[in-house]
**Q** 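Shown below is the structure under consideration.
FYI, the numbering just counts along the sequence from 1. In each ligand, atom 1 is the first atom listed, and ligand 1 is the first ligand listed.
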Amino acid sequence: MLKRILVTGGAGFLGSHLCERLVEMGHDVICLDNFFTSQKANVMHLLDRPNFELIRHDITLPIWLEVDEIYNLACPAAPGHYQYNPIKTMKTSLMGSINVLGMAKRCRAKVLQASTSEVYGDPEVHPQPESYRGAVNPIGQRACYDEGKRAAEALFMDYHRMNGVPVRIVRIFNTYGPRMHPYDGRVVSNFIRQALAGEDITIYGDGSQTRSFCYRDDMVEGIIRMMNVADNFTGPVNLGNPEEFTIRELAELVVELTGSRSRLISKPLPPDDPTRRRPDIALAKSKLGWQPTMPLREGLERTIAWFRSIDISHYRPPTPRY
Ligand code: NAD
Ligand code: UDP
């Protein structure tokens, strides 16, 4: 059945690919974005499609639309971006959630929240299952994002229990791919950009910390499956690639794949940087029949090809990390 679908944060890295997929499926797609961390170029190719509409709007402010489904992705996601204005980040998670949940309640729409592995903080349980409640520093630099996303999950479940709003919560682990903002400060974009420019590759700390990297297309497939899951299953469900790498291994792989002569250098580890992270995806496998298919090497090759194809001067300069 074709639906009217709102994607908040729809011009972003994940949102733009999600919009593309939904437009291809024939749905009527409304992309809402304030372009804080993205640009219109990400969705330019969709503008002449009859079933695609773009609205510049800030989701912390109410908006009146009629829709059947909402994917709530609006929120800066990279540490450098969400720490740029931490108060605004928290507002976006909280007021943005309240606004989309109110809309869902009024329209009897289904609404999916893009939550994050950051709700687990610097985890003491490894790999992380959904039942793990996390170890988040509530007053640290990452709290605006982590606690904002945790509060958003609480709001989603309360609207579900109190008002019967059909909700879906996905906890997204590190995802990479074409259309990442080249200056977002995330590890994959930093390393590729630095390697291609022949600059030093900045490893924070000793590079022994781990992450698990999921390719964009796998992630968007998981998100769409979760929206369409049967049985009123609300989640939260982890979505991510369970293959775990140290940051140093990632740097070495990027150097190899780009053929770069960049050196690996050490920079201070930012505060509260999680030591390790790997999703337990047993629930996603059983409920959604989903698991990632793209190996890191191939996903990086595709991402590097995209970075080579763009004119980096079209992107806004980096936001400060601290
Ligand atoms: P992104 O920064 O590319 O996308 C976020 C989008 O939201 C941007 O287009 C931005 O302009 C928009 N936005 C921000 N604040 C807004 C506001 N107040 N009103 C309207 N639009 C606003 O990041 P992404 O990686 O595509 O992340 C998308 C979602 O997935 C985010 O909610 C993020 O927290 C979540 N997530 C992503 C990852 C990842 O590794 N990519 C991991 C965990 C969670
Ligand atoms: N990192 C790094 N060099 C960089 C950027 C990031 O070593 O230039 C590290 C960072 O300290 C963290 C990991 O890479 O341990 C992933 O960072 P990212 O900002 O991509 O996302 P996070 O998972 O920390 O939210």
**Q** Under 4.0 Å, heavy atoms only, figure out whether ligand 1 is touched by the backbone of Ser117, its side chain, both or neither.
**A** neither
**Q** Could an N or O of ligand 1 be found under 3.5 Å from any N or O of Ala74, whether backbone or side chain?
**A** no
**Q** Check for a donor-acceptor pair, side chain of Glu298 on one end and backbone N or O of Pro295 on the other, with a separation under 3.5 Å.
**A** no
**Q** Are any of the N/O atoms in Ser115 less than 3.5 Å from those in ligand 1?
**A** no
**Q** Please step through salt bridge (Lys or Arg N to Asp or Glu O under 4.0 Å) for the pair Lys149 and Glu153, ending with a clear verdict.
**A** CA-CA 6 Å; Lys149 290 284 189 180; Glu153 286 198 13; over 6 Å; no
**Q** For Ile203, take its heavy atoms, then give the atoms of ligand 2 lying under 4.0 Å from any of them.
**A** 7 (O)
**Q** Kindly identify the option in Phe36, Tyr145, Phe213 whose heavy atom sits closest to atom 36 (N) of ligand 1.
**A** Tyr145
**Q** Can you sort out which atoms of ligand 2 are near Arg186, meaning under 4.0 Å from one of its heavy atoms?
**A** 19 (O), 20 (O)
**Q** Determine whether the side chain, the backbone, both or neither of Asn34 has a heavy atom under 4.0 Å from any heavy atom of ligand 1.
**A** both
**Q** Would you mind telling me if ligand 2 is within reach of the side chain of Asn174, the backbone, both or neither, using heavy atoms under 4.0 Å?
**A** side chain
**Q** Using a strict cut-off of 4.0 Å, indicate which atoms of ligand 2 neighbour a heavy atom of Pro79.
**A** 19 (O), 25 (O)
**Q** Looking only at protein heavy atoms, which one is nearest to atom 18 (N) of ligand 1, and how far off is it?
**A** Asp58 OD1, 2.9 Å
**Q** Around atom 27 (O) of ligand 1, find the nearest protein heavy atom and jot down its residue, atom name and distance.
**A** Ala77 CB, 3.6 Å
**Q** Is there a polar contact, in the sense of an N or O pair closer than 3.5 Å, between Asn174 and ligand 1?
**A** no
**Q** With heavy atoms only and a cut-off of under 4.0 Å, state how His181 meets ligand 1: side chain, backbone, both or neither.
**A** neither
**Q** In the protein, which heavy atom is nearest to atom 26 (O) of ligand 1, and how far is it?
**A** Leu14 N, 2.8 Å
**Q** Asn190 heavy atoms, cut-off 4.0 Å: which ligand 2 atoms fall inside?
**A** 4 (C), 5 (C), 8 (O)
**Q** For Arg211 and Glu249: C-alpha separation, side-chain torsions, deciding distance, then whether salt bridge (Lys or Arg N to Asp or Glu O under 4.0 Å) applies.
**A** CA-CA 10 Å; Arg211 294 293 186 274; Glu249 284 170 339; over 6 Å; no
**Q** Is His81 in polar range of ligand 1, meaning some N or O pair under 3.5 Å apart?
**A** no
**Q** Mind jotting down which residue pairs meet the side chain to side chain donor-acceptor pair (under 3.5 Å) criterion with at least one end in residues 1-20? Sequence neighbours excluded, please.
**A** Lys3-Glu69, Lys3-Asn228, Arg4-Asp68, Thr8-Asn72, Ser16-Arg179, His17-Glu20, Glu20-His45, Glu20-Arg179
**Q** Tell me whether the rings of Tyr120 and Tyr132 are parallel (<30°), tilted (30 to 60°) or perpendicular (>60°).
**A** parallel
**Q** Identify the protein heavy atom lying closest to atom 38 (C) of ligand 1, giving its residue, its atom name and the separation to 0.1 Å.
**A** Ile172 CG2, 3.7 Å
**Q** Heavy-atom contacts under 4.0 Å between Met219 and ligand 1: side chain, backbone, both, or neither?
**A** neither
**Q** Is the closest heavy atom of Gly207 to ligand 2 under 4.0 Å?
**A** no
**Q** Going by heavy-atom distance to atom 20 (O) of ligand 2, choose the closest among Thr246, Val187, Asp146.
**A** Val187
**Q** Using heavy-atom distances, let me know which of Glu118, Arg277, Arg142 sits nearest atom 24 (O) of ligand 2.
**A** Arg142
**Q** Suppose we measure from atom 29 (C) of ligand 1 to each protein heavy atom; which comes out shortest, and what is that distance?
**A** Leu73 O, 3.4 Å
**Q** What's the shortest distance from atom 14 (C) of ligand 1 to any protein heavy atom, and which residue and atom give it?
**A** Cys75 N, 3.6 Å
**Q** Less than 3.5 Å between some nitrogen or oxygen of Asp33 and one of ligand 1, yes or no?
**A** yes
**Q** Looking at Ile59, which atoms of ligand 1 are within less than 4.0 Å of one of its heavy atoms?
**A** 17 (C), 18 (N), 19 (N), 20 (C)
**Q** Under the rule for side-chain hydrogen bond (donor to acceptor under 3.5 Å, both in side chains), what residues qualify as partners of Arg168, not counting sequence neighbours?
**A** none
**Q** Just by distance, no angles: are the side chains of Gln83 and His81 close enough, under 3.5 Å, to form a donor-acceptor pair?
**A** no
**Q** Checking the side chain of Thr175 only, and the main-chain atoms of Phe173 only, is there a donor and an acceptor separated by less than 3.5 Å?
**A** yes
